[in-house]
Protein chains: 4
Amino acid sequence: MKEKEQKILDASLKLFVERGFHGTSTAEIAKTAGVATGTLFHYFKTKEELINRLYLYTKESMLCEISEHYDDKKAFKENIKELWLKFVRFGVNSPYKFQFILTFHCSPYITSLTKEQVESHAESMLGIYKNGIGKQKIKEISFEMVMDYFWGNVVTVVTHFEKYPEKLNEKNLDMAFELLWDGISK
Amino acid sequence: MKEKEQKILDASLKLFVERGFHGTSTAEIAKTAGVATGTLFHYFKTKEELINRLYLYTKESMLCEISEHYDDKKAFKENIKELWLKFVRFGVNSPYKFQFILTFHCSPYITSLTKEQVESHAESMLGIYKNGIGKQKIKEISFEMVMDYFWGNVVTVVTHFEKYPEKLNEKNLDMAFELLWDGISK
Amino acid sequence: MKEKEQKILDASLKLFVERGFHGTSTAEIAKTAGVATGTLFHYFKTKEELINRLYLYTKESMLCEISEHYDDKKAFKENIKELWLKFVRFGVNSPYKFQFILTFHCSPYITSLTKEQVESHAESMLGIYKNGIGKQKIKEISFEMVMDYFWGNVVTVVTHFEKYPEKLNEKNLDMAFELLWDGISK
Amino acid sequence: MKEKEQKILDASLKLFVERGFHGTSTAEIAKTAGVATGTLFHYFKTKEELINRLYLYTKESMLCEISEHYDDKKAFKENIKELWLKFVRFGVNSPYKFQFILTFHCSPYITSLTKEQVESHAESMLGIYKNGIGKQKIKEISFEMVMDYFWGNVVTVVTHFEKYPEKLNEKNLDMAFELLWDGISK
DNA sequence: GATGAATGAGAATTCATTCAT
DNA sequence: GATGAATGAATTCTCATTCAT
């Protein structure tokens, strides 16, 4: 990716999260990125294309950092905790990207075409779920509920540590995971 | 409250949730409410005042429906479940108001002055928390964490049942609460 | 005139002078006058009618205070000084009315119909002029020039004493008149 | 200065003089200037900035044309007449600029910051005044009064010749100056 | 007479987008 | 590729005027 293109993505990530899509003008993005407005439209045909490309970029960033593989040698709880930790760490380390995905996942600016382009984290979760059910480790609740609960928990925890950064340490992370685990495990 | 004022609040609640603050024009709000644009500005000096008054209104609506009292005769778990249910039911019955509070609670359009005007639900939660800790019913985690976890759980559950309305029944509500309870209880 | 009608005239005189015609809203006039907007439009069909009636009112006020008669017994200079003094005193004592006439005499809001309704001070001036020319007291310059010079002088003097109110005394008034007199007299 | 910027200044000069600040819409200015409304706001951030920049521009125009130097070789009267003529000629040749300065010099739209940026014509006048007093050529009246009288006279004369353009000739200009000179000289 | 809620055309200003350089 | 002047539709907000009470 060209340097200016990257700068535009970075600037718009920050601004879209802080002020929303309609609250951010392309002029501001260009200014923040240190380029001319014409340059922005050279790389991104429209503002909508910009936010869609930004969505692809952030989602890829996240999936890249997650990319876990279920490890049969480890205990089931370890496997799920590892996945959980990866999401939480991504959220804590890349708060803008995390918040962007959170905010714009359901927004009308992200076309369904874009959404199709990113494989969801559902697949890896589905494996874990089936395994957990099979081994009778987790309660018999629907896959959708577990998915939503897992993700909701990640969001809650990331948001919490963003509010109270001084609380972010291994012990509290472990405790936070136990809240999730004790909730879903048998 | 005057009839037209109410219609404007209703219309803006819907539109702000669906399209965001900057994504909704005052002309659209007025049209949806069935009044002239001038009328909107007769009741609300600026668009910002409108969203702030809307915030006060929705928050009051919620607190009005929650307004629980801790009942010593009931078991601790019953008490906390009742509070949880009230929030979830509010979210399910008033999805726009619930989503509005969720989206705009942290938005820069809501002034701190407005936020001061609504007593948070923290107070009732604090009573329950202390009681739970005292009776050694809940894990020894910080109050802030319990608060965030409780609220995050409510959000997750409401969102889930909005996605899958056919799943909304007593049994699934109970199961959803158990996810929370087993997480935070000793 | 009804009390509220008078209050509206007073309020609009002040506001039109301070902020101009378009810079003053009827709502502000009503508020300053202590009446409802509807009341303003009860007494004055339109904003334009208001400023036209205000023009008639201020012009009448002035002409009423001027209303001089040429006195053959007095010296020619005395006669003209008396007229000059009356204008200057009106300007100093009723600065809003004076400024209003000054500003709106040539404005497009005052219809020619309105202007016709007020006899100008030209008539009395014409008498003086002819007399002055006849007695060979004043230079042989056109009537129009004398008129404009006389009136320009009044405006200059009134404006000057408004800027430096501490200088307003008999001596300085006399000196100011001499500037005019020595200019136009032979 | 860019071509479109100049066209906007020219158009607003005409319209502000003819209809006043609030009586002129930015849309009209843009239309008259032959540019889009957006272009106006590209060069002038607000309507207020426009009128302030216009004030600087007109005042500079005038001072540029005046820029006299007292010439000791000439008679005192000649010197003062030359200055007077320059002002009158500016007013006659640039009636819009002259009227604009006249109307907006005391208006609240022109910020004091703007006024500071233009050196007044007072300085050259002060030199003439001191010289005149010193040579016992002019009456012993305050500097402020002479200033106001001189300027008031210029305004009167310019306005008069605008009303009666057919009267504008050397002879009448001389006569008009004599009105001023005989007024202030000993 | 007096009120002020209601109206909608019009005001100043913003902004995504284009295009000549 | 890069720039930023230029555009005009859309936005927030104002205001003269009306009319039911």
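Lettering follows sequence order; numbering is per chain, from 1.
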Legend entry - D:T39 to D:K4 - nearest heavy-atom pair and separation: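 In this case the closest contact between D:T39 and D:K4 is CG2-CD, 4.3 Å.
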Legend entry - Heavy-atom closest contact (D:L50 atom, D:S12 atom, distance):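 Nearest heavy atoms, D:L50 then D:S12: CD1-OG, 3.7 Å.
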Inset, instruction - Between A:H42 and B:T46, name the one whose nearest nucleotide on DNA chain F is closer to the 5' end. - result: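 The residue mapped nearer the 5' terminus is A:H42.
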Output one line per pair: protein atom, nucleotide atom from nucleotides 18-21 of chain E, and distance, for all N/O pairs under 3.5 Å.
none

Within this structure, what is the [atom1]-to-[atom2] distance between [X] and [N], rounded to whole angstrom?
X     : N      : atom1 : atom2 : answer
C:L15 : F:dA16 : CG    : P     : 12 Å
A:K31 : E:dC15 : NZ    : C1'   : 14 Å
D:L50 : E:dA11 : CG    : C1'   : 15 Å
D:K47 : E:dG10 : NZ    : C1'   : 12 Å
D:E3  : F:dA6  : CD    : P     : 9 Å
D:I8  : E:dT13 : CD1   : C1'   : 14 Å

Inset, instruction - Run through B:L63, B:L13, B:V17 and flag the one making a side chain to side chain contact (heavy atoms under 4.5 Å, CB included) with B:T58. - result: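 Looking at B:L63, B:L13, B:V17, the match for B:T58 under the side chain to side chain contact (heavy atoms under 4.5 Å, CB included) is B:L13.
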Inset, instruction - Decide ring pair (Phe, Tyr, Trp, His ring centres under 6.0 Å) for A:F16 and A:H22; before the verdict, give the C-alpha distance in whole Å, the side-chain angles of both, and the deciding distance to 0.1 Å. - result: CA-CA 8 Å; A:F16 281 153; A:H22 287 295; 9.7 Å; no
Distance below 4.0 Å between [X] side-chain N/O and [N] OP1 or OP2:
X     : N      : result
D:K2  : F:dA6  : no
A:T39 : F:dT3  : yes
A:T26 : E:dA16 : yes

Inset, instruction - Give the nucleotide from the list E:dA12, E:dT3, F:dT7 with an atom nearest to the side chain of D:A36. - result: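 Nucleotide nearest to D:A36's side chain: F:dT7.
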Inset, instruction - Name the residue closer to the 5' end of DNA chain E, choosing between C:V35 and B:G34 according to the nucleotide with the nearest heavy atom. - result: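 Its nucleotide being nearer the 5' end, the pick is C:V35.
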Inset, instruction - Answer yes or no on whether C:K47 is positioned over the face of C:F21, meaning its NZ or CZ is under 6.0 Å from the six-membered ring centre and within 45° of the axis. - result: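 The answer is yes; both the distance and angle limits are met.
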Inset, instruction - Please list residues of residues 17-25 of chain B whose heavy atoms come under 4.0 Å from any atom in DNA chain F, ordered by number; otherwise none. - result: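 Those residues are B:T24, B:S25.
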Inset, instruction - Looking at every strand, decide which applies to C:Y43 at a 4.0 Å heavy-atom threshold: base, sugar-phosphate, or nothing. - result: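 Sugar-phosphate, backbone atoms only, no base.
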Inset, instruction - With pairs defined as Watson-Crick or G-U wobble and both distances under 3.5 angstrom, please note down DNA chain E as a dot-bracket string, | for pairing with another strand. - result: .||||||||||||||||||||
Inset, instruction - Report the distance from atom SG of A:C106 to atom CD1 of A:I101, rounding to the nearest 0.5 Å. - result: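 CD1 of A:I101 is found 12.0 Å from SG of A:C106.
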